[in-house]
Amino acid sequence: MIQRMRGPSLAQTLLQAVDSLRQLGRRALLALLGIMVGSTAIVALLNIGHSAAEQVMRMFKDMGTDVLVVTFPVTGAQPRALPRTLDAGALEQAVPGIRHAAPLSVYNVPLRFAGRTTALRIVGTTADLADAMNLRMARGRFLSPFDRDATFAVVGAQAALALGSPAQPLVVGDALQIGGYLYQVIGITRGMKGNPLIPVDADRSVIVPIEGVHRLFPKPELGAILAKAKPLADLPETASALREYVMTQVPGREVQVDIPQQLIDGLKRQSRTFSYMLAGLGAIALLVGGVGVMNVMLMSVFERRREIGLRLALGATRRDIRRLFLAEAGLLALAGAALGAVFGVGAAYAFARFSDWQFVLAPASLPLGMGTSLLTGLFFGWYPAIAAARLEPVQALRDA
């Protein structure tokens, strides 16, 4: 009984594919570069988008995502005046989900210290602002409930640098001239990053008791309310209850309650969608690389007709020829995908460092980038492999 000869093993096929690609020279290198560029684009853009989303979350980590911001949008030509302040204690009792609440009255005003005038933001508020914003003191203390009628001021870290000088830095106990009054500095806060969802930047402000703001401005008004929810409170439900209560205190005015967590979730979804859109652009570059692989493989089939005819005449099966050319396309795609993954991660890391972000590797970036690159190479290498396997030995040898 005549036994059918077995074809080359996988290792032999791969070695032959490597030798064939080496003979292709620059053409194989150009096809590899096309796959590498597409893989680099997908991996880099997915990681940049993921790092951006993580940066957004990190921005609000120190302050927490359980904060609610109440603002009063202006509607109509002559909106009704707002009160000077709001009883935070009554608000906390009326809305069970609220742990801390601090009314805010914000104004820009020039301050004078050590013979220099500096324009800074004055924030009138209560002692609960420290807990609502997780403020930490570098020196001194924050406002207390007993400071309601006192001319005390707490200065933000950046504001203290702006007011002071190397020769005379601002320290606890110094006096600031605000309007016609001298305010004693009782504390300086630690530096903290600003939060775009919060209507006050404590780091660059001077904080005073809200009850005394009428000394500086003839008709001060409540500008916003910052509230911190209890740990297990339902934020949407608490926000609704908070809005209903505040509306009873400011009749005739529109009340808006923003929840940073909802905005953060929306930003994350937008960032993820944007990342996938950019990855789609990378996929277009990958398709161009795939077309390059197909062109190189088709030219290789045309130039190696004599070799293909000899292999078929000496006993190679059409399956062996197909496997050989698929192995060549797969090796090109695999090498391009691996190099693209390395350069993609490197490009994303460099972008994050340049943007002053913390780089966070997207878990799906490497499998998605390398997987799509490999599949693209095999997909575009399938037709040349089929074309090579369909050659007739006699015709191939005659045309060679």
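When reading the values below, keep in mind they use all heavy atoms of this one structure, side chains included, and skip hydrogens, waters and symmetry mates. Computed from a predicted model, the values in this text were never measured in an experiment.
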Fill in: Nearest-0.5 Å distance, CG of residue L143 to CD1 of residue I186
5.0 Å
Discussion item. Counting C-beta onward and ignoring hydrogens, is there a side-chain heavy-atom pair between K228 and N134 closer than 4.5 Å?
Written reply: yes
Practice prompt. Enter the distance from K230:NZ to H100:NE2 here, rounded to the nearest 0.5 Å.
Written response: 10.0 Å
Worksheet item: Looking at side-chain heavy atoms only, is the closest gap between L111 and T117 below 4.5 Å?
Response: no
Worksheet item: Short question: side chain of S240, backbone of P236 - any donor-acceptor pair under 3.5 Å?
Response: no
Item to complete: Please check if the side chain of R243 supplies one atom and the backbone of V255 the other of a donor-acceptor pair under 3.5 Å.
Response: yes
Worksheet entry | Atom CZ of F343 with >12 non-hydrogen neighbours under 6.0 angstrom | no
Worksheet item: Which of parallel (below 30°), tilted (30 to 60°) and perpendicular (above 60°) describes W357 and F351?
Response: perpendicular
Worksheet entry | Where at least one partner belongs to residues 151-161, residue pairs that pass salt bridge (Lys or Arg N to Asp or Glu O under 4.0 Å), sequence neighbours excluded | none
Discussion item. Donor-acceptor pair, distance only, cut-off 3.5 Å: does the side chain of S355 make one with the backbone of A352?
Written reply: no
Fill in: Side-chain heavy atoms of I225 within contact of V257, under 4.5 Å
no
Worksheet item: What is the minimum heavy-atom distance between P103 and A88, and which atoms define it?
Response: CD-CB, 4.3 Å
Worksheet entry | Inter- and intrachain pairs under salt bridge (Lys or Arg N to Asp or Glu O under 4.0 Å), touching residues 84-106, at least two apart | none
Discussion item. Can you tell me if F379 has over 12 outside heavy atoms packed within less than 6.0 Å of its CZ?
Written reply: no
Item to complete: Give the C-alpha distance, both sets of side-chain angles, the deciding distance and a yes or no for side-chain contact (heavy atoms from CB on, under 4.5 Å) between L129 and L104.
Response: CA-CA 9 Å; L129 183 67; L104 301 174; 3.9 Å; yes
Worksheet item: Roughly how far, to the nearest 0.5 Å, is CZ of R253 from CG of L82?
Response: 4.0 Å
Discussion item. Evaluate L91 against V246 for side-chain contact (heavy atoms from CB on, under 4.5 Å), listing each step before the verdict.
Written reply: CA-CA 8 Å; L91 186 152; V246 176; 4.3 Å; yes
Worksheet entry | Pairs flagged by side-chain hydrogen bond (donor to acceptor under 3.5 Å, both in side chains) wherever residues 176-190 is involved - sequence neighbours left out | none
Item to complete: For residues A153 and V208, report the shortest heavy-atom separation together with the two atoms involved.
Response: CB-CG1, 4.1 Å
Worksheet item: Does Y245 share a hydrophobic cluster with L68, counting links as ILVMFWY side-chain heavy atoms below 4.5 Å and allowing steps through other members?
Response: yes
Worksheet, complete the sentence: For A362, the side chain to side chain contact (heavy atoms under 4.5 Å, CB included) test, sequence neighbours excluded, returns N47, H50, S365
Practice prompt. Answer yes or no: is there a side-chain heavy-atom contact under 4.5 Å between P209 and D149?
Written response: no
Fill in: Contact summary for D258 and T71, nearest pair of heavy atoms
OD2-OG1, 4.4 Å
Worksheet item: Is there side-chain contact between T85 and V213, with at least one heavy-atom pair below 4.5 Å?
Response: no
Worksheet entry | Pairs touching residues 126-170 that satisfy ring pair (Phe, Tyr, Trp, His ring centres under 6.0 Å), sequence neighbours left out | none
Discussion item. Would you compute the distance between atom CD of Q249 and atom CD of E244 and round it to the nearest 0.5 angstrom?
Written reply: 13.0 Å
Discussion item. Can you confirm whether V43 sits close enough to V345 that some side-chain heavy atom of one is under 4.5 Å from a side-chain heavy atom of the other?
Written reply: yes
Practice prompt. State yes or no: do M247 and L222 share one hydrophobic cluster built from I, L, V, M, F, W and Y residues joined by side-chain heavy-atom distances below 4.5 Å, directly or via other members?
Written response: yes
Worksheet item: Does a sphere of radius 6.0 Å around CZ in R116 hold more than 12 heavy atoms from other residues, nucleotides or ligands, not counting ones at 6.0 Å or beyond?
Response: yes
Fill in: I35 side, atom CD1; L374 side, atom CG - distance, nearest 0.5 Å
9.0 Å
Discussion item. Treating S51 as the side-chain partner and V360 as the backbone partner, does any N or O pair qualify as donor plus acceptor under 3.5 Å?
Written reply: yes
Worksheet item: Can you get from L170 to V109 by hopping between Ile, Leu, Val, Met, Phe, Trp and Tyr side chains that sit under 4.5 Å apart?
Response: yes
Worksheet entry | V69-V106 co-clustered via ILVMFWY side chain contacts under 4.5 Å | yes
Discussion item. Could you check whether any side-chain heavy atom of M133 comes within less than 4.5 Å of a side-chain heavy atom of V200, counting everything from C-beta outward?
Written reply: yes
Fill in: Stepwise side-chain contact (heavy atoms from CB on, under 4.5 Å) test for W382 and R322
CA-CA 8 Å; W382 179 258; R322 187 170 60 248; 4.1 Å; yes
Fill in: Non-hydrogen side-chain atoms of V172 and M137 separated by less than 4.5 Å
no
Discussion item. Can you give me the closest heavy-atom contact between S373 and A333, atom names plus distance?
Written reply: O-CB, 3.6 Å
Item to complete: Identify the two heavy atoms, one from D128 and one from A102, that lie closest to each other, and give their separation to 0.1 Å.
Response: C-CB, 4.0 Å
Worksheet item: Only one of L176, D203, I207 forms a side-chain contact (heavy atoms from CB on, under 4.5 Å) with V155, so which one is it?
Response: L176
Worksheet entry | R121 (side chain) donor-acceptor with A202 (main chain) under 3.5 angstrom | no
Worksheet item: Under a 4.5 Å side-chain heavy-atom rule over Ile, Leu, Val, Met, Phe, Trp and Tyr, are Y383 and L326 clustered together?
Response: no
Worksheet item: What pair of heavy atoms forms the shortest contact from S39 to G336, and how long is it?
Response: CB-O, 4.1 Å
Practice prompt. Look up atom CG in D201 and atom CG in L120, then write down how far apart they are to the nearest 0.5 Å.
Written response: 11.0 Å
Worksheet entry | salt bridge (Lys or Arg N to Asp or Glu O under 4.0 Å) contacts in which one or both residues fall within residues 210-219, not counting sequence neighbours | R148-E211
